[in-house]
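Contents: one structure, followed by commentary.
What you see is a predicted model; the values in this text were computed from it and never measured.
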Amino acid sequence: MRVGIIGLPLSGKTTLFKALTGSEVEVGSWSGGKREAHIGIVKVPDERLDFLHTHFPSAKKIPAAIEYIDLAGFEKGISESAKVLTELLNDLKNVDALVVVIRAFDNSAVAHPDGSVNPMRDFQTLEAEFILSDMAILENRILRLERQLQRKKEEHNQKELTLLKRCLAALEEEKPLCSLVFSPEEEKILRGYQFLTEKPQIIVLNINESDIGNEEQMLQPFSEIKNHPMTEILALSAEIEMEIAQLGPEDAKVFQEDLGIQESALEKLIRSTYRLLGLISFFTIGDDEVRAWTIRRNTRAPGAAGTVHSDMERGFIRAEVVAYNAYKEHGSLAKCKEAGVFRLEGKEYTVKDGDIISFRFNI
Ligand SMILES: Nc1nc2c(ncn2[C@@H]2O[C@H](COP(=O)(O)OP(=O)(O)O)[C@@H](O)[C@H]2O)c(=O)[nH]1
Ligand SMILES: [Mg+2]
């Protein structure tokens, strides 16, 4: 799972990245045209995995992971610079969702590039710029396809042209591409383009420390956005979260309680990402390794096997499955078998959140 952090310059992207990954990169430095993306891996906290690990203490515990990419600033007018846009789109490759950071904090030491703090204006600037970037890519590609088609009528090019024109028409009406419905074949064509408005978004309002506890009110102007199926929205203070991330777990807890923060930025964002993308976890357990894996809801057993190893998908025979809650109740795999809660499932089985699975395969 890959998530790109995007936003206007000095909105707190790198600060949030540090809060999430605990990594030591410099904040606030104006990159002066140098675009460099930071990449960090975040382990997904999961109490169920912790519990399972207590039963296999000598095994390695491997949590699921989300990769966060701190993308270089997305400036107003970026869609007009083909080179910068190409670089950004390169960094965005295979990103499953965007975290869009919106500045809602005042900080006299860090002047807002547009002179004043106005979250709604910045949000609209970004969304408009996302639309313009996608349009720039589409217009380019449409021109080229039309030229190719004049030389030679090829059906797949014709199909692509029709599809891209439909996309462009939507964007001209300010409709993001995620609001359109595509057939699987169309999705396949579009996948190569990395359109910004096709990616699900988690909007993060980066608020002042003094606004902690006031999140609801801060989010009020954005309430309409909550209804978009491809969007989540939340408020946090990136700077405070970064400070908390640098403390040990005990101190962090005390600090969070003092400030009235119920959930860390990391927990909030991971929960939003799972909800937005419809993700669930399953587990594999054994004496070597106790591990959590992330898949999309409604994945069948062979697809889940494929996340562990492609051979397991190819040579899939069956899955031996026990639900986490049943395991917890009975206390061991042997007892689960005795109690008859251990199931054999075939190719058609849809994996559920919390399933503990052992795959049988043959290649
Ligand atoms: N007061 C305050 N300052 C912040 C907050 N988040 C970021 N900053 C400051 O804003 C500046 C820019 O932050 P940075 O994360 O580098 O922004 P980026 O350009 O979006 O990556 C830095 O000096 C940060 O310390 C916040 O939540 N509150
Ligand atoms: Mg930065």
Check whether [X] and [Y] end up in the same hydrophobic cluster, where Ile, Leu, Val, Met, Phe, Trp and Tyr are linked by side-chain heavy atoms less than 4.5 Å apart.
X: M135; Y: L126; value: yes
X: I142; Y: I131; value: yes
X: F17; Y: M1; value: yes
X: V351; Y: I356; value: no
X: L138; Y: L163; value: yes

Might you point out which heavy atoms bring [X] and [Y] nearest each other, and give the distance in Å?
X: A319; Y: I357; value: CB-CG2, 3.8 Å
X: L20; Y: V42; value: O-CG2, 3.5 Å
X: A304; Y: T299; value: N-CG2, 3.6 Å
X: A323; Y: D355; value: CA-OD1, 4.2 Å
X: G346; Y: F316; value: C-CE2, 3.9 Å
X: P200; Y: L277; value: CG-CD2, 3.6 Å

Parallel under 30°, tilted from 30 to 60°, perpendicular over 60°: which one fits the rings of [X] and [Y]?
X: F282; Y: W293; value: parallel
X: F51; Y: H55; value: tilted
X: Y324; Y: F283; value: tilted

Short side-chain to backbone donor-acceptor contact, [X] and [Y], under 3.5 Å:
X: T162; Y: Q158; answer: yes
X: E243; Y: E241; answer: no
X: D114; Y: S116; answer: no
X: N208; Y: S210; answer: no
X: N206; Y: A238; answer: yes
X: N157; Y: L145; answer: no
X: T197; Y: L177; answer: yes

query = Would E263 and K268 satisfy salt bridge (Lys or Arg N to Asp or Glu O under 4.0 Å), going step by step from the backbone distance to the final call?
reply = CA-CA 6 Å; E263 227 183 358; K268 271 188 191 161; over 6 Å; no

Decide yes or no for [X] and [Y]: does some side-chain heavy atom of the first lie under 4.5 Å from some side-chain heavy atom of the second?
X: M230; Y: Q201; result: no
X: I295; Y: I280; result: yes
X: S11; Y: D122; result: no
X: P63; Y: D46; result: no
X: S264; Y: I244; result: no
X: H38; Y: I5; result: no
X: V110; Y: R103; result: yes
X: L269; Y: L16; result: yes

task = Test E320 against L344 for side chain to side chain contact (heavy atoms under 4.5 Å, CB included), laying out the working first.
result = CA-CA 5 Å; E320 298 173 1; L344 291 182; 3.4 Å; yes

ask   = Under the criterion side chain to side chain contact (heavy atoms under 4.5 Å, CB included), which of L266, T273, I66 is the partner of V44?
value = I66

I need the [X] [atom1] to [Y] [atom2] distance, nearest 0.5 Å.
X: E239; Y: I207; atom1: CD; atom2: CD1; answer: 12.5 Å
X: H112; Y: L8; atom1: NE2; atom2: CG; answer: 6.0 Å
X: K13; Y: I102; atom1: NZ; atom2: CD1; answer: 10.0 Å
X: S281; Y: R291; atom1: OG; atom2: CZ; answer: 12.5 Å
X: R343; Y: C336; atom1: CZ; atom2: SG; answer: 10.5 Å
X: H53; Y: L49; atom1: NE2; atom2: CG; answer: 8.0 Å

request  = Tell me, with the steps shown, if E146 and K165 meet salt bridge (Lys or Arg N to Asp or Glu O under 4.0 Å).
outcome  = CA-CA 11 Å; E146 279 174 342; K165 281 191 167 164; 3.1 Å; yes

inquiry  = Checking F182 against E198 for the side chain to side chain contact (heavy atoms under 4.5 Å, CB included) test, could you report, in this order, the C-alpha distance in whole Å, the side-chain angles of both residues, the deciding distance, and whether it holds?
reply    = CA-CA 11 Å; F182 299 113; E198 220 200 339; 4.3 Å; yes

query = Is the count of non-hydrogen atoms from other residues, nucleotides or ligands lying under 6.0 Å from K352 atom NZ greater than 12?
reply = yes

inquiry  = A quick test of your reading: do over 12 heavy atoms of other residues, nucleotides or ligands sit less than 6.0 Å from NZ of K61?
reply    =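 More than 12 heavy atoms, drawn from other residues, nucleotides or ligands, come within 6.0 Å of this atom.
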
ask   = Are the charged groups of R141 and E160 less than 4.0 angstrom apart, N to O?
value = yes

inquiry  = Would you say Y274 and D353 are linked by a side-chain donor-acceptor pair, where the criterion is simply a distance under 3.5 Å?
reply    =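 D353 vs Y274: no donor-acceptor pair found between side chains.
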
ask   = Yes or no on side chain to side chain contact (heavy atoms under 4.5 Å, CB included) for L236 and V204, after CA distance, side-chain angles and deciding distance?
value = CA-CA 7 Å; L236 53 82; V204 173; 3.8 Å; yes

message = Just to verify, which of K159, R166, R191 counts as forming a salt bridge (charged side-chain N to carboxylate O under 4.0 Å, His left out) with E186?
response = R166

inquiry  = Is the distance between the ring centroids of H309 and F361 under 6.0 Å?
reply    = no

task = With salt bridge (Lys or Arg N to Asp or Glu O under 4.0 Å) as the test, would you mind laying out the steps for R296 and D96 before giving the verdict?
result = CA-CA 12 Å; R296 300 218 179 224; D96 301 286; 3.7 Å; yes

task = Given side chain to side chain contact (heavy atoms under 4.5 Å, CB included), test I202 with L276 step by step and report yes or no.
result = CA-CA 8 Å; I202 302 167; L276 184 64; 3.5 Å; yes

